[in-house]
Amino acid sequence: MIHSPKQPTSAKLPRRLRRAELPQDTEALARYLIGKTLVRETPRGRIIGRIVETEAYVLGDSASHGFRGLTQRNRSLFLHRGHAYVYFIYGMHYALNVSAGAKGQGTGVLIRALEPVEGIEQMQRNRGIKNIHELAKGPGRLAEALKIDKRLDGIDLCTAKSLWLGDALAPPAPISTSKRIGITKEIHRPLRFYERNNPYVSGPKRLNQ
DNA sequence: AGCCAGATTTTCT
DNA sequence: GAAAATCTGGCTA
């Protein structure tokens, strides 16, 4: 192709969420974020996804990265609510959390899946695949699709230009809960939240009913 | 659709 | 030194 026409943009840019709008309670924040938007601004353009799956890592939760206190890796989890905690796992994947609670609390919400809304071609390029259903289905894929890595660790999602939380473009369908995925401690707690019947949600079928 | 092994490196014990 | 908030491809059915 000779000319590359500018990507179509969605009619409406989400409104940035203010910190005061984010629920103080970690589990409430995980529920609240379902249906909200995650906006990534890059030199190549804007990427917008609708949050369809989250997990809460709450106070006193031995599955939480913050459970054993502050370390070099998890320090962003101890920031005031609304900051990005980006960690590297399994030797090859990044994952994004929103820090929750008060400064020093060490709780957060893992963003597990997005429904692509805008910047789909860029997501396809970042991921090296075409299938829209697999662009951001799972925390590692989501990070790759949005080019999220350590450089974004610790940024304030309520003020940053490069990555931020926006309001819902449309109200979410009913929210279901299940056990969390991929953990070995506190495995029965119902702290995973997802939009029911949404095909962009990750995980096995038995957890998505 | 479900199970399993392999990839690969940071992090903390 | 072991475990890890995962993903992919290959196999079975």
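Proteins get letters first, then strands, A, B, ... in listed order; numbering begins at 1 in each.
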Against the side chain of Pro139(A), the closest entry in dC12(B), dT6(C), dT8(B) is dT6(C)

Look at Thr184(A) and dA4(C) and indicate whether a side-chain polar atom (N or O) is within less than 4.0 Å of OP1 or OP2. yes

Taking dT11(B), dA4(C), dG2(B) as options, the one with an atom nearest any side-chain atom of Lys205(A) is dG2(B)

Taking atom C1' of dA4(C) as reference, at what distance in whole Å does atom CD of Glu186(A) sit? 17 Å

Take Arg127(A) and Glu134(A) through the salt bridge (Lys or Arg N to Asp or Glu O under 4.0 Å) test and state the conclusion after the steps. CA-CA 9 Å; Arg127(A) 289 269 296 119; Glu134(A) 297 192 349; 5.3 Å; no

Could you walk me through whether His133(A) and Tyr200(A) satisfy the ring pair (Phe, Tyr, Trp, His ring centres under 6.0 Å) test, starting with their C-alpha distance in whole Å, then the side-chain angles of each, then the deciding distance to 0.1 Å, before giving a yes or no? CA-CA 6 Å; His133(A) 286 101; Tyr200(A) 299 93; 4.8 Å; yes

In whole angstroms, how far is the C1' atom of dC12(B) from the CZ atom of Arg68(A)? 10 Å

With stacking defined as ring centroids separated by under 5.5 Å and planes differing by under 30°, is Tyr57(A) stacked against dA5(C)? yes

Return the pairing partner of dA1(B) with a 3.5 Å limit on both distances, Watson-Crick or G-U wobble; otherwise return none. dT12(C)

Under 4.0 Å between any heavy atoms, over every strand shown, what does Tyr90(A) touch: base, sugar-phosphate, or nothing? Just pick one. base

Distance check needed: dG2(B) C1' versus Asn208(A) CG, whole Å only. 14 Å

Between CZ of Arg112(A) and P of dA5(C) the distance, given in whole Å, is 11 Å

Can you see whether Tyr57(A) has Arg180(A) sitting over its ring - NZ or CZ less than 6.0 Å from the centre and within 45° of the normal? yes

Whole angstrom is fine here: how far is it from CZ in Phe67(A) over to C1' in dC12(B)? 15 Å

Between C1' of dA5(C) and CG of Leu142(A), the distance in whole Å: 13 Å

Phe88(A) side chain: which of dT6(C), dT10(B), dA5(C) is closest? dT10(B)

Let's see if you can work this out: which of dC12(B), dA5(C), dT8(B) has an atom nearest to the side-chain heavy atoms of Thr71(A)? dC12(B)

Please confirm whether the shortest side-chain N or O distance from Arg206(A) to OP1 or OP2 of dG2(B) is below 4.0 Å. no

Which part of the nucleic acid, if any, lies within contact of Arg180(A), taking any heavy atom under 4.0 Å across all strands shown: a base, the sugar-phosphate backbone alone, or nothing? nothing

Between the side chains of Arg196(A) and Ser176(A), is a donor N or O closer than 3.5 angstrom to an acceptor N or O? yes

Which nucleotide, in any strand shown, forms a Watson-Crick or G-U wobble pair with dT9(B), with both distances under 3.5 Å? dA4(C)

Donor-acceptor side-chain pairing of Arg206(A) and Gln209(A) below 3.5 angstrom: no

Remember a base hit wins even if backbone is also touched, and classify Arg127(A) as base, sugar-phosphate or nothing at under 4.0 Å, heavy atoms. sugar-phosphate

Students often mix this up, so state it plainly: with edges at 30° and 60°, are the rings of His65(A) and Tyr85(A) parallel, tilted or perpendicular? perpendicular

How many Å lie between CD1 on Ile183(A) and C1' on dA3(C), as a whole number? 15 Å

Nearest listed nucleotide, side chain of Ser64(A), among dA5(C), dC7(C), dT10(B): dA5(C)

How close or far is atom P of dT8(B) from atom CG of Asp149(A), stated in whole angstroms? 19 Å

Has His65(A) got a side-chain N or O lying under 4.0 Å from the OP1 or OP2 atom of dA5(C)? yes

